[in-house]
Amino acid sequence: MGTGSSQGIRTARLDTGEYAENFAELHPALSDNLAAVEADRCFFCYDAPCTIACPTSIDIPMFIRKIAVGNRKGAARTIIDSNILGGMCARVCPVETLCEQACVHIAQGNEAVKIGQLQRYATDSIIDDGAEMFTRPEATGKKIAMVGAGPASLACAHNLACEGHEITIFEARSKPGGLNEYGLAAYKTTSDFAQAEVEFVLAVGGIEIRYDTVLGRDITLAELSENYDAVFIGIGLAETSKLGIEGEDLAGIGDAIDYIAVLRQSDDLSSLPVGDNVVVIGGGMTAIDIAVQSKKLGAENVTIAYRRGPEQMGASKYEQDLALTNGVTIKHWVQPVKAIGDTAVSSLELERTRYDDNGKLVGTGEKLTIPADQLFRAIGQKFSSAPIENAGIEMKWGRISVDESCKTSLANVWAGGDCVAGGEDLTVAAVNDGNVAARSISEFLKTGGAS
Amino acid sequence: MADLKNDFIGIKSPNPFWLASAPPTDKAYNVERAFEAGWGGVVWKTLGEAGPPVVNVNGPRYGAWHDGNRRLMGFNNIELITDRSLEVNLAEITQVKKNWPDRAVVVSIMVPCDERSWKSILPLVEETGADGIELNFGCPHGMSERGMGAAVGQVPEYVGMVAEWCKQHSSLPVIVKLTPNITDIRQPARAAFKGGADAVSLINTINSIIGVDLDAMAPAPHVDGKGSHGGYCGPAVKPIALSMVSEIARDKETYRKPISAIGGIQTWRDAAEFMALGAGNVQVCTAVMTYGFKIVEEMIDGMSRWMDEKGYNTVDDFIGMAVPNVVNWEHLNLNYIAKAKINQETCIKCGRCHIACEDTSHQAITSSLNGEPHYEVRDEDCVGCNLCVNVCPVKDCITLEQMTEGKDPRTGIPISGEYANWTTHPNNPNVK
Ligand SMILES: Cc1cc2nc3c(=O)[nH]c(=O)nc-3n(C[C@H](O)[C@H](O)[C@H](O)COP(=O)(O)OP(=O)(O)OC[C@H]3O[C@@H](n4cnc5c(N)ncnc54)[C@H](O)[C@@H]3O)c2cc1C
Ligand SMILES: Cc1cc2nc3c(=O)[nH]c(=O)nc-3n(C[C@H](O)[C@H](O)[C@H](O)COP(=O)(O)O)c2cc1C
Ligand code: SF4
């Protein structure tokens with residue numbers, strides 16, 4: 001025990017049972033009884049604020065009413081009619097800032113109806129019913145290419161497949177799902193749910209995924225746009241931001257999302273090395289996820305260093321509390337200055353920060369050094385424009401620029417999810433972009449697809 | 001997907017879910033919204049005779065009984081029939097029926113109990129293009145004091161007489177709406193069919209006072225310090241309505257006669273229960289007054305899913321299926337022995353089953369084992385009454401399980417697979 005850094009980064013800090021316990025599901029499934037009790041709390045509000053707050057506008061009071069009367073599959077139908085990935089969203093949506101935040105119970109001083117958990121209860125009942133739930137009309141003969149098999153493309157593809165169009169998704173990795181498979185925290189989605197849900201989506205038919213195919217390397221946007229009636233780009237964010245500090249190349253320093261991707265694919269958590277003193281730089285969902293997961297892997301001390309205060313963190317209060325109850329320390333108003341160590345990092349020099357009179361964040365000059373044998377960058381991802389270099393697509397704020405129907409500046413090309421400008425960088429927002437683009441593409445194809 | 005199409009006494013609607021005659025059907029505006037939401041039909045708010053319409057109180061006309069979650073369980077009203085003029089209503093009915101030819105539009109009528117009154121209003125209603133008429137013999141307040149509504153409905157001869165006038169002076173199908181404020185619901189039902197009615201609908205509201213304001217010392221809610229009894233409806237009345245519907249459905253004289261069921265229906269399941277007990281379709285009032293028209297979406301989805309699951313293709317496949325299983329007490333199998341079983345895994349040890357049985361029933365449930373709380377049924381004392389099942393706060397924790405072999409430990413009598421009821425029981429003084 002203790003805080004000594006002598007042992008450094010190592011694997012197998014816990015025994016098998018501890019790993020299993022630590023990575024058990026954050027919110028286990030509701031029992032029938034709990035679901036019934038919770039569903040009864042819903043007031044069936046008119047023009048329900050929860051529905052308005054949901055990016056995919058799920059008819060929440062209707063699905064909860066269906067649960068209340070014992071129509072669980074009907075409830076699931078209501079959900080997936082608006083959000084085909086309703087099962088994953090039920091698990092990973094920050095409901096405390098979305099639907100549940102808006103629940104009228106809160107205004108009354110009560111706890112919000114547990115919408116996320118009820119949604120999970122409903123959707124769990126149909127995860128194997130993908131094939132029978134959707135029928136495809138006669139093939140239209142229209143072909144649509146999609147790039148990236150993340151939530152945005154999957155939602156878009158499902159909508160259009162249901163209309164009889166034929167979809168080909170080109171995916172760089174060897175597995176579908178995007179960050180559902182490689183990014184979300186392991187304790188939010190267990191039992192390979194991400195793949196089960198992709199199968200549910202694909203069961204409708206008419207969607208082919210070509211793996212290990214990289215836009216910009218194996219295919220170009222010009223080819224796709226030429227050979228298909230329409231194209232949808234949902235490639236997410238492929239680059240991470242660097243800290244830009246001295247010593248950043250030392251061993252022990254890496255990107256949180258790379259580590260999480262390895263963790264999500266690992267079938268032996270004891271093989272994942274963690275340090276005695278893990279430091280995470282950042283304040284968003286990724287920072288919380290890597291911090292909590294490091295702790296769950298047995299890291300001795302985990303500290304999130306964030307340059308502003310709790311209110312400014314991208315992570316919600318709920319997520320901050322989740323980190324704190326898992327034993328993570330959150331240090332506010334500090335920024336990294338220098339990583340210190342010989343070949344591997346051993347400590348991190350931080351500088352205190354504050355807002356100056358003009359509201360600009362500045363360093364105060366006061367320094368402090370904390371032990372750090374493992375340092376994770378979680379200060380956000382960036383869009384990599386390499387795959388669409390020279391495609392002539394209009395950009396905005398470093399991402400793809402789209403209009404309110406997710407249409408890009410190119411004649412038959414749409415884009416959505418994290419790769420477009422102005423998004424919320426949430427699974428549910430990506431799904432909604434997929435829905436919106438699908439409607440627009442559908443209209444476009446109906447009018448002959450003439451550009 | 002199951003087919004919800006409904007044919008009730010020749011009146012067709014896309015589903016068996018109608019709105020009952022009440023405020024939700026008082027105006028074209030409401031009815032149009034209801035049809036947009038998916039309701040299969042409406043019974044228009046009761047029309048009165050031509051001339052100045054009735055007036056309602058200008059204070060509270062509704063009261064309610066809520067559960068702890070403030071869910072509305074029972075609803076009470078002192079509203080009268082429509083307070084809009086006959087001409088306006090007839091014009092709106094005509095237009096609505098024109099706009100919605102595939103939906104059922106039935107017109108509820110209540111006029112004084114003389115042939116001239118009925119004869120003069122019937123042609124006007126028929127002209128609207130409506131699909132049928134419903135005779136409101138049910139309203140328990142305000143109108144009955146004027147010799148209409150329940151005052152007629154409580155006298156079977158009057159019911160039959162008015163039904164006859166209506167069949168005579170109108171070609172439209174006639175539904176007689178019954179009041180539950182009567183001892184034997186079969187009497188007015190028989191009279192209605194004898195008079196030629198095509199169907200009966202029930203129940204209208206039940207006489208009630210929702211509560212008493214102990215500060216004002218007046219019924220709650222009150223109008224300027226005074227209250228009046230009103231009509232009770234909503235989820236709380238469903239069991240009463242179910243029983244009354246079943247009484248008519250299995251009565252020899254009215255067996256298989258069309259019934260439109262009303263009373264506390266909120267969900268597809270409530271509707272299916274009434275239909276299983278013989279109702280050809282259902283009508284809803286309080287549930288939409290509580291939640292809005294949108295609930296029909298759940299009713300349509302829930303019923304068709306359930307029908308798919310059960311393999312029913314049309315609603316006619318299950319209408320009346322439970323009727324043969326409603327019998328008089330003396331025909332229940334007295335050789336059927338059941339004992340309560342408490343699931344120790346799900347028992348939360350609240351002790352309510354014990355105290356209910358101990359204080360008020362058969363002292364058949366233990367309260368401790370080795371000094372620890374422990375609730376277990378003693379088969380030798382359990383009469384299988386179901387009280388513990390009903391008071392247990394945990395669903396499915398206590399169940400009644402049939403004994404199929406051995407002896408009943410309470411009576412020592414061997415379990416017999418044979419059916420035997422009171423009519424042949426040795427203790428029955430009538431058995432000789
Ligand atoms: C660590 C982490 C935790 C998160 N936690 C949550 C959470 O709890 N809740 C929440 O709502 N959101 C969360 N998010 C955000 C959420 O995961 C994303 O907003 C969402 O996945 C975006 O979907 P997308 O379809 O736009 O992109 P992605 O999910 O990123 O999918 C993009 C796909 O495109 C493929 N691709 C990329 N480049 C190419 C190319 N050149 N050619 C072909 N294919 C390519 C990728 O391999 C990937 O499969 C988290 C994100 C991260 C990083
Ligand atoms: C406010 C109110 C007004 C009603 N007015 C009428 C009416 O004018 N004519 C009528 O036949 N029934 C009237 N009823 C009775 C309903 O049509 C219905 O029979 C009763 O409410 C039971 O159904 P429920 O439990 O679904 O509400 C009224 C009920 C309510 C609550
Ligand atoms: S806001 Fe809350 S109570 Fe209202 S419909 Fe949504 S979940 Fe139900």
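Labels below follow one simple rule: chain letters A, B, ... track the order of the sequence lines, proteins then strands, and each chain is numbered from 1. Because the structure is predicted, anything quoted here is derived from the model rather than measured.
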K.L.:
From A:T78 OG1 over to B:E297 CD, what is the distance, rounded to the nearest 0.5 angstrom?
P.N.:
6.5 Å

K.L.:
Step through the shown structure and confirm whether more than 12 heavy atoms of other residues, nucleotides or ligands are within 6.0 Å of CD on B:Q344.
P.N.:
yes

K.L.:
Does any backbone or side-chain atom of A:D59 lie under 4.5 Å from a heavy atom of chain B? Answer side chain, backbone, both or neither.
P.N.:
side chain

K.L.:
Which atoms of B:R70 come close to chain A, meaning under 4.5 Å heavy atom to heavy atom: side chain ones, backbone ones, both, or neither?
P.N.:
neither

K.L.:
Given a strict heavy-atom distance threshold of 4.5 Å, which part of B:W268 is in contact with chain A: side chain, backbone, both, or neither?
P.N.:
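Just its side chain gets close to chain A.
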
K.L.:
How about B:K349: does its NZ atom have over 12 heavy atoms from other parts shown lying under 6.0 Å from it?
P.N.:
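Counting other residues, nucleotides and ligands, NZ of B:K349 exceeds 12 neighbours.
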
K.L.:
Less than 4.0 Å between a side-chain N and a carboxylate O, is that true for A:R77 and B:D301?
P.N.:
no

K.L.:
Atom CG in A:N71, atom CZ in B:R305: separation rounded to 0.5 Å?
P.N.:
5.5 Å

K.L.:
Report yes or no: is the cationic atom of A:R65 (NZ for Lys, CZ for Arg) closer than 6.0 Å to the six-membered ring centre of B:Y291, at no more than 45° off its axis?
P.N.:
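Yes, a cation-pi geometry.
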
K.L.:
If you count the non-hydrogen atoms of other residues, nucleotides and ligands that lie under 6.0 Å from CD in A:E21, is the total more than 12?
P.N.:
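Not more than 12 within 6.0 Å, no.
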
K.L.:
For B:R33, is the CZ atom crowded, meaning more than 12 foreign heavy atoms sit under 6.0 Å from it?
P.N.:
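Atom CZ in B:R33 is not crowded, with 12 or fewer foreign heavy atoms closer than 6.0 Å.
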
K.L.:
With a 4.5 angstrom heavy-atom cut-off, is it the side chain or the backbone of A:D32 that approaches chain B, or both, or neither?
P.N.:
neither

K.L.:
I need the A:S31 OG to B:K395 NZ distance, nearest 0.5 Å.
P.N.:
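Here the interatomic distance stands at 10.0 Å.
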
K.L.:
Looking only at non-hydrogen atoms, find the nearest pair between B:K294 and A:M62 and report the distance.
P.N.:
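Minimum heavy-atom contact is O-CE, 3.4 Å.
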
K.L.:
First locate atom OG1 of B:T290, then atom CZ of A:F44, and finally report the distance between them rounded to the nearest 0.5 Å.
P.N.:
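These two atoms lie 11.0 Å from each other.
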
